[in-house]
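Written below as structure tokens is the structure these notes are about.
Order of appearance sets the numbers: ligands from 1, and atoms from 1 within every ligand. Sequential numbering from 1 along the given sequence is applied to the chain's residues.
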Amino acid sequence: MNIAVIGTGYVGLVSGACLADKGHKVICVDSRDEVVTALREGHCPIHEEGLPEILERNIGKTLSFTTDLADAVGQSRLTLIAVGTPTHEGEIDLSQVETASRQIGQALRDATERHTVILKSTCVPGTTRSVVAKIVKAESGKAEGSEVGFGANPEFLTEGQAVPDFMDPDRLVFGADTPEGLDDLRELYAAFPDAPRVETNTPTAEMIKYSSNVLLATLISFSNEIGNLAGAVGNIDGSKVMEGMHLSQYLTRMTRRYGREMAQISGFLQPGCGYGGSCLPKDLAALVKFAENCGVDPVLLRAVGDVNRGQPKVVIDLLRKELGSLSGKTIGVLGLAFKPDTSDTRQTPAVPVISELNAAGCKVIAYDPVVKDDESISKAVDLRAADSVDQLLARSDAVVLITKWAEFSDLPDRIRDMPDPPLVVDGRQFYDPKDFTSKYVAVGSGRID
Ligand code: NAD
């Protein structure tokens with residue numbers, strides 16, 4: 001199938017490249033010249049394992065890049081919308097979806113063949129119908145059904161493992177309000193015959209995506225509240241509390257073949273310095289506002305966000321408890337990416353933590369294996385970059401682990417022989433406290449007597 005993908009960010013690029021690898025002819029469109037130029041020259045603009053290889057295999061064959069949306073849509077039978085859907089003051093900003101819909105509609109004015117428009121961006125329930133379909137029909141003058149069709153196909157990839165997630169999906173969600181729209185989605189994913197799928201109408205598909213993301217945010221905030229309580233009471237080992245919970249048969253099961261198998265969701269049942277990224281904070285905020293606009297009071301969902309916003313302060317309180325006044329102290333921050341294996345720093349918890357440290361009068365030095373010279377971070381907070389973990393350790397009174405990069409796993413060995421090792425504040429319960437011979441504290445755990 002000939003496909004146009006509008007928006008070549010994380011989702012558009014990974015989806016477009018993987019669909020091309022599966023045999024579709026894909027044209028990825030982006031309004032940012034520099035993204036298209038870089039990709040045409042074979043440079044992958046994001047850090048995502050396996051993606052450069054897929055690009056290399058397909059560019060010039062089944063995959064191409066352009067800034068010309070009308071031309072891409074004109075050459076295609078189906079268009080995927082994968083533009084950004086940020087929030088402004090908590091409310092979803094659909095302006096990129098609206099613009100893309102308008103441009104697609106205009107590109108379809110002279111189309112002679114039926115075209116399908118699928119919304120892949122995460123949008124509040126009702127967007128496919130009341131925004132995309134409405135604008136595309138008005139701009140194109142085409143009739144729904146015979147000339148133009150619509151669908152919602154939310155994306156569930158996780159940054160850092162986006163390629164395997166797309167290529168071996170845990171689920172496919174097909175939202176369509178007409179049989180033709182559903183047939184197009186089935187054809188789009190014909191190369192994934194074994195993937196479990198839900199076929200439903202478009203608002204239900206849109207709601208599935210929000211519910212899935214908000215569940216994860218809820219589990220993290222739940223764990224943080226339990227962890228904060230453990231930390232406040234004392235003599236409660238927060239990591240053991242979680243370990244004990246994880247062993248429940250709901251979260252870990254015994255299989256004859258593999259033995260004990262822990263459900264992946266246990267990874268979200270863990271206290272820490274809070275969740276970030278381009279999805280959980282904005283999707284939670286958008287759903288809260290959406291609920292309020294629908295006359296529903298989202299008590300639980302609002303609390304999930306409140307707990308998360310409080311976690312950076314928990315890190316600072318731990319530092320204060322151990323070091324006293326923080327003014328003039330040098331604090332090393334390990335990790336700037338919002339999670340390991342990605343270069344994405346959108347809504348990273350590193351920023352509110354560093355911001356609190358700045359306010360407390362600390363000097364901050366930071367090291368991340370992948371994130372270097374990130375403009376959004378340097379604009380938001382005051383920090384200096386360290387060249388290596390060892391340089392950071394040598395200069396810090398305390399270090400705070402924000403991102404669970406594998407490169408940081410040998411921290412206990414690195415500091416063991418230091419004459420004056422820095423305090424370690426573990427913002428992710430990443431380490432085993434027993435591995436430290438010097439001072440170590442973790443968010444979400446009390447001091448054990
Ligand atoms: P992104 O900001 O990385 O990419 C969006 C791209 O769209 C940008 O490159 C922008 O230049 C381009 N764009 C915007 N309007 C355009 C237009 N009219 N024509 C051409 N290009 C245009 O965003 P993303 O992280 O890829 O997210 C896209 C959507 O997918 C969002 O709704 C997001 O919530 C959702 N999503 C993201 C993830 C993720 O892990 N990042 C996972 C699942 C779903």
Residue-ligand contact Val35/ligand 1, heavy atom below 4.0 Å: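 It does not; every heavy atom stays at 4.0 Å or beyond.
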Side-chain H-bond candidate by donor/acceptor type, Ser445 with Gln429, under 3.5 Å: no
Would you check whether [X] has a nitrogen or oxygen atom less than 3.5 angstrom from a nitrogen or oxygen atom of ligand 1?
X	answer
Thr122	yes
Asp283	no
Thr99	no
Val11	yes

Selected option - heavy-atom contact closest to atom 12 (C) of ligand 1, from Val83, Asp30, Leu94: Asp30
For Asp68, side chain to side chain contact (heavy atoms under 4.5 Å, CB included) partners two or more places apart: Thr66, Ala70, Asp71
In ligand 1, which numbered atoms sit nearer than 4.0 Å to a non-hydrogen atom of [X]?
X	value
Ala82	5 (C), 28 (C)
Glu155	43 (C), 44 (C)
Thr85	31 (C), 32 (O), 34 (O)

Close aromatic pair by centroid cut-off 6.0 Å: Tyr210 and Phe290: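 No.
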